[in-house]
Amino acid sequence: MPPSISKARVQSLYKRLHQHFGPQHWWPAESSWEMMVGAILTQNTAWTNVEKAIASLKSSQTLSIYSIATLPRRRLEQLIRPSGYFRQKARRLRLLARAVLKDPCVTKDRALLLSQHGVGPETADSILLYASGQPIFVVDAYTRRLGHRLGWFKTDDYHEVQRFFHDRLPREAALYNEFHALIVRLAKAHCTSRNPKCRSCPVQARCAFGKRTRS
DNA sequence: ACCCAGGTGTTTC
DNA sequence: GAAACACATGGG
């Protein structure tokens, strides 16, 4: 990883994003457990779909750890159906709920989180940052895309990208919280797949988002 | 009728 | 080991 990108550049991007969008107040959840449920449900899925699934859990009074741990599999599947991959995710949620009931420390320990089926590095780090307040930078598809477009790094490796940010930012949970939220905000606000025109982009004149690279 | 979304686990070369 | 595939719904 070339150290050629300075801390100042990375911190300057953060400042511009924060200036432009303001504080994001993440994670959008009312409790740590709801946050964890959202983290599983949002895997490769649009957040609007996750909202539907969470709303259906809430309205049926089945969002609690105990409910999700004990609900019949088919019932849980139907409740979270709008979030997609509903069979996989029902199983993952149930396993996670049971693990947390057995040992609440799971929520705070990276190795324990990663040993849960269906919890990979991004989900684990999201939980550590947003549910446990630990200063761990979360890397997602947007973070990689942004870094690539800005020429900051070429790698796709999760931990290499994470190290890039860890090396250039003070170790503060509040900062990592906002930064990641702002990157997601940027992705939603600016060039999405069908919107190649991007005015007043806080990142650069030529917008850093849009999955396809335009010619 | 495509393409995409706040990944992860399994299978295949 | 990397690369390809399966998983599924809903919105643009």
Side-chain angles (χ1 to χ4, degrees), chain A residues 14 17 21 23-29 32 34-57 73-74 76-97 99 106 110-131 136-149 154-162 165 176-198 203 207-215:
Chain A
Y14 171 76
L17 289 172
F21 292 114
Q24 299 300 300
H25 309 297
W26 260 36
W27 182 286
S32 293
E34 183 182 329
M35 183 274 144
M36 294 171 74
V37 171
I40 295 288
L41 294 182
T42 200
Q43 291 172 350
N44 200 40
T45 298
W47 182 254
T48 50
N49 286 6
V50 178
E51 287 179 322
K52 297 180 205 302
I54 298 217
S56 106
L57 288 168
R73 179 86 152 278
R74 299 308 164 99
L76 183 55
E77 287 177 1
Q78 293 316 307
L79 287 169
I80 66 166
R81 194 169 176 140
S83 73
Y85 307 138
F86 58 88
R87 296 185 193 88
Q88 278 193 2
K89 286 173 177 175
R91 172 160 176 249
R92 291 173 185 187
L93 282 179
R94 183 144 88 156
L95 289 169
L96 186 61
V106 168
R110 193 169 199 270
L112 278 177
L113 281 169
L114 288 174
S115 70
Q116 307 305 312
H117 182 92
V119 176
E122 182 184 337
T123 305
D125 288 344
S126 296
I127 291 170
L128 292 172
L129 177 61
Y130 290 106
I136 298 179
F137 197 90
V138 174
V139 175
D140 64 0
Y142 296 146
T143 312
R144 292 191 181 92
R145 198 180 303 168
L146 179 61
H148 290 167
R149 298 289 166 84
K154 312 242 176 178
T155 182
D156 271 327
D157 180 83
Y158 186 94
H159 293 103
E160 279 188 53
V161 175
Q162 185 175 55
F165 288 96
Y176 294 175
N177 177 324
E178 275 300 318
F179 207 153
H180 180 244
L182 285 165
I183 290 172
V184 175
R185 181 73 180 76
L186 173 71
K188 287 180 176 168
H190 286 265
C191 304
T192 48
S193 56
R194 294 298 178 195
N195 177 24
K197 291 288 184 188
C198 176
V203 177
C207 186
F209 282 98
K211 186 162 186 177
R212 290 171 167 280
T213 336
R214 291 165 287 113
S215 53

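Just so it is clear: chains get the letters A, B, ... in the order the sequence lines come, proteins before strands, and each one is counted from 1.
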In whole angstrom, what separates [X]'s [atom1] from [N]'s [atom2]?
X	N	atom1	atom2	result
A:Leu95	B:dT8	CG	P	15 Å
A:Leu41	B:dT8	CG	C1'	14 Å
A:Tyr158	B:dG9	OH	P	13 Å
A:Tyr85	C:dA6	OH	P	12 Å
A:Lys188	C:dG11	NZ	C1'	13 Å
A:Lys52	C:dT9	NZ	C1'	10 Å
A:Ile40	C:dT9	CD1	P	19 Å
A:Gln43	C:dT9	CD	C1'	15 Å

Tell me whether the side-chain N/O atoms of [X] come closer than 4.0 Å to OP1 or OP2 in [N].
X	N	value
A:Lys89	C:dT9	no
A:Arg87	C:dA8	yes
A:Arg81	C:dC7	no
A:Thr123	B:dT8	yes

Answer with base, sugar-phosphate or nothing: what part of the nucleic acid does [X] contact at a heavy-atom distance below 4.0 Å?
X	answer
A:Gln116	sugar-phosphate
A:Asn49	base
A:Gln88	base
A:Val119	sugar-phosphate

Please tell me if the side chains of [X] and [Y] come closer than 4.5 Å, counting only heavy atoms from C-beta onward.
X	Y	value
A:Arg91	A:Arg94	no
A:Asp125	A:Leu129	no
A:Asp156	A:His148	yes
A:Leu95	A:Val119	no

Toward the 5' end of DNA chain C, which comes first, A:Thr48 or A:Asn44, by nearest nucleotide?
->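 Here A:Asn44 is the residue nearer the 5' end.
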Nearest-nucleotide pick for A:Phe86, side chain only, options being C:dT9, B:dA5, B:dT8 =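 Comparing C:dT9, B:dA5, B:dT8 against the side chain of A:Phe86, the answer is C:dT9.
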Of the listed nucleotides B:dT10, B:dA5, C:dT9, the one nearest the side chain of A:His117 =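 Selected nucleotide (nearest to the side chain): B:dT10.
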Euclidean distance for P, B:dT8 against C:dG10 (whole angstrom) |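 So the two P atoms sit 22 Å from each other.
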If the plane angle is over 60° it's perpendicular, under 30° parallel, otherwise tilted; pick one for A:Phe179 and A:Phe165.
->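 Rings of A:Phe179 and A:Phe165: perpendicular, as their planes differ by over 60°.
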